Amino acid sequence: MKRPRLPGSFHRIRDRISAGIDEFRIHLSRPDALLQLAVLGLVTGVLAGAVIVLFRLLVEGLLEALLPGEGAENFEAMPFPDRALLPILGALLLAALFRWGGRGMTMLGVTHVVERMARHQGYLSLRGFMLQFFGAAIALISGQSVGREGPHVFLGAAAGSLMGQRLSLPNNTIRTLVGCGTAAGIAASFNTPLAGVVFALEVVMMEYTVGSFIPIILAAVAATTVSNAVLGDAPAFLVPALETGSLRELLLVVLLGVAAGALSAVFNEALQTVAARTRGIAIWWRLLIAGLLMGAIAAVVPGVMGIGYDTVADALDGRLLAATMAVMLVAKLVATSLAVGLGVPGGMIGPALFIGAMLGGLISRLALLLPFDIGGQPQVYALLGMGAMMSGSLQAPLAALTAMLELTDNPEIILPGMLAVVVSGVTASELFRKKSLFLSILQASGRDYSTNPLQQALRRIGVASVMERNFARIEVTVTTARAREIMKRNPPYLLIDGPRGPAWLMPAVELARHLDSEPDAPDDAVVDLAEIPGRRMHVAAVHLQDNMAQAFQMLDGSSIEALYVERVTAPGASRIYGVLTEEMVERAYRY
């Protein structure tokens, strides 16, 4: 027996692999493809964890080499001229980076991730990844008043998104991978995997489903493991042993929650105002202005430079005076509002925690001056202030509460923590009518965010999981013999080709009815599918990666009545996998 030639065998193997990959993609378009999503979530967590570790090693290594004394945040030890000039030099580098490398991209961090999830199915670019990596590194090293968590979230989300795009995975899967990367970013930042999961679901995904919950958990665990293996398992904050007081202290907790909610509204309004007022200025000029303003603030209050976790640690240890905390609170709020509002590519979570720690410590100190005893440990209130400020400013109460629990490993913090985060969140959202910082920045930049339960449900389902794969592609004019041959396969639908490709979708029963009406027609008689009685639906192409929300958008309010699902296989060539009607979209939503 003659063996087949190698090229022919190679092509057959390649075709089988390609078909297997296509089936894998089609299966992933289902909302319940848990095993495959779990594996991809694990891979995303490892990848995101490695990127975040690399980012931290770069930033912390350069800061330790640059700053006098010990530690990667000892900006206070720098002499006056140096700490005033450092943010200006960093701003020059940032301006050059965005001037010649940004190509119009001005928004990064969690805000950009939320916007891409709402409008672009979670697609993040390699350019954005590089801008965030090096831009945030420059901002943190130069002492800008920004956090590292926002960049971590963006880098983790981009790692998942880019991997999904590279593998041409369905858009509903890419959205889940963005959530996995988000959880990995928070988990690797604080060594708090559960808080990372809750943050991803509460802030970015804005949904709680089993299909997203399981891969996101695995991603958070994987990223934390990678981070611990390289950087150690020490938490972001060394919280001393905490003791909660009597029930009388709950009154002070309520007061702290109201104050944190009001301050969150002020923080939100300041950021939104700066962003809106400076939107028309080129990004490089805004960055230069941010550098000059930060240099002036750093000359007077160097404690607000950088992330500021060393100052937060002092508040958690009860080592700061009330006057010091008051100055730090105001200076950090002003410095961060200017930096982030002007476009510095850093995060807002770290500054919110800083401000909350100062607020909580300050309120506990002031409570000691009251004639009746309702005060408690300043450390407890510094931690509660962090959670309350995170809840009010980010509108993420569950993530804030979970972070407090994981940081303290003390279940007694749950009761006062629940009260603080709820009161703060309600005060900011209901009393002051403020949304989260991320949505406020989106609105200030002219990119309003909106979603609804229908869109949320349809985004979880890929078109490939709903499409009808049993169809026949047919020319608009065929012979009776050809028509009868096709009907022997019992396809539910006929995809009819026009002059420029598929033009209509017809239920096959319409052709069967026509053939039955002319049983004696000769085999060579011509059947014109554009003329016979029957329902013909105008069609358009939808990509195999698209989800049902995109399909719904194409069908809603247009002359298009059906879709065919295709994937481009080569320049000028594509493969059609199935067809989709309005009825199928409606059934998917009901399901």
Side-chain angles (χ1 to χ4, degrees), residues 25-26 28-32 113-123 161 164-165 168-176 178-179 204-207 209 211-212 439 442-443 446-471 473 492-498 500-510 530 534-568 574 576-591:
R25 293 177 180 132
I26 292 171
L28 278 173
S29 66
R30 297 167 53 91
D32 58 351
V113 174
V114 171
E115 192 259 346
R116 298 301 292 185
M117 287 287 280
R119 294 169 174 261
H120 303 282
Q121 310 304 325
Y123 277 54
S161 177
Q165 293 175 58
S168 298
L169 300 182
N171 289 346
N172 61 312
T173 300
I174 291 177
R175 291 174 60 84
T176 300
V178 169
V204 175
M205 299 289 290
M206 295 187 184
E207 64 181 48
T209 62
S212 57
L439 300 187
L442 273 178
Q443 290 178 346
R447 308 177 190 180
D448 197 6
Y449 173 88
S450 61
T451 187
N452 58 59
L454 173 61
Q455 289 178 328
Q456 290 287 83
L458 294 179
R459 284 170 180 166
R460 292 195 294 266
I461 309 170
V463 294
S465 67
V466 180
M467 67 183 181
E468 174 59 62
R469 302 177 70 178
N470 184 15
F471 72 99
R473 189 171 181 181
Y493 293 98
L494 303 174
L495 185 61
I496 304 170
D497 278 329
R500 298 181 180 178
W504 302 282
L505 185 69
M506 173 185 283
V509 67
E510 308 284 11
R535 182 188 178 194
R536 281 173 289 274
M537 297 170 277
H538 292 281
V539 296
V542 65
H543 198 276
L544 183 68
Q545 289 181 261
D546 290 348
N547 57 39
M548 294 300 289
Q550 294 169 281
F552 178 82
Q553 186 177 9
M554 293 181 67
L555 293 170
D556 187 38
S558 70
S559 60
I560 300 169
E561 302 167 278
L563 302 168
Y564 60 93
V565 183
E566 70 171 2
R567 184 173 73 87
V568 176
S574 64
I576 297 177
Y577 292 81
V579 294
L580 200 62
T581 65
E582 290 179 308
E583 292 81 5
M584 295 177 195
V585 176
E586 291 174 3
R587 284 200 302 269
Y589 172 61
R590 294 193 194 101
Y591 172 77

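Note: hydrogens, waters and symmetry copies are ignored here, and every other heavy atom, side chains too, is used. In what follows, residues are counted from 1 in the order of the sequence shown. Computed from a predicted structure; not experimentally measured.
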Distance check, rounded to the nearest 0.5 Å: [X] atom [atom1] versus [Y] atom [atom2]?
{"X": "I461", "Y": "D546", "atom1": "CD1", "atom2": "CG", "result": "14.0 Å"}
{"X": "L495", "Y": "M506", "atom1": "CG", "atom2": "CE", "result": "11.5 Å"}
{"X": "E468", "Y": "E583", "atom1": "CD", "atom2": "CD", "result": "12.5 Å"}
{"X": "N547", "Y": "R460", "atom1": "CG", "atom2": "CZ", "result": "11.0 Å"}
{"X": "L494", "Y": "F471", "atom1": "CG", "atom2": "CZ", "result": "10.5 Å"}
{"X": "N171", "Y": "L28", "atom1": "CG", "atom2": "CG", "result": "12.0 Å"}

List the atom of [X], the atom of [Y], and the distance in Å for their closest heavy-atom pair.
{"X": "Q121", "Y": "I174", "answer": "O-CG2, 3.9 Å"}
{"X": "I576", "Y": "R473", "answer": "CD1-NH1, 3.5 Å"}
{"X": "R535", "Y": "E510", "answer": "N-OE2, 3.2 Å"}
{"X": "A551", "Y": "L563", "answer": "CB-CD1, 3.7 Å"}
{"X": "S29", "Y": "S465", "answer": "OG-N, 2.9 Å"}
{"X": "A562", "Y": "L505", "answer": "CB-CD2, 3.7 Å"}

Could you tell me whether a side-chain N or O of [X] sits under 3.5 Å from a main-chain N or O of [Y], the two making a donor and an acceptor?
{"X": "R175", "Y": "M117", "value": "yes"}
{"X": "R25", "Y": "S168", "value": "yes"}
{"X": "S161", "Y": "G122", "value": "yes"}
{"X": "R116", "Y": "Y123", "value": "yes"}
{"X": "R459", "Y": "A118", "value": "yes"}
{"X": "S574", "Y": "E566", "value": "no"}

Taking the side chain as every heavy atom from C-beta outward, state whether [X] and [Y] have any pair of such atoms under 4.5 Å apart.
{"X": "H538", "Y": "I560", "value": "no"}
{"X": "R469", "Y": "I26", "value": "yes"}
{"X": "P492", "Y": "N470", "value": "yes"}
{"X": "V463", "Y": "M548", "value": "yes"}

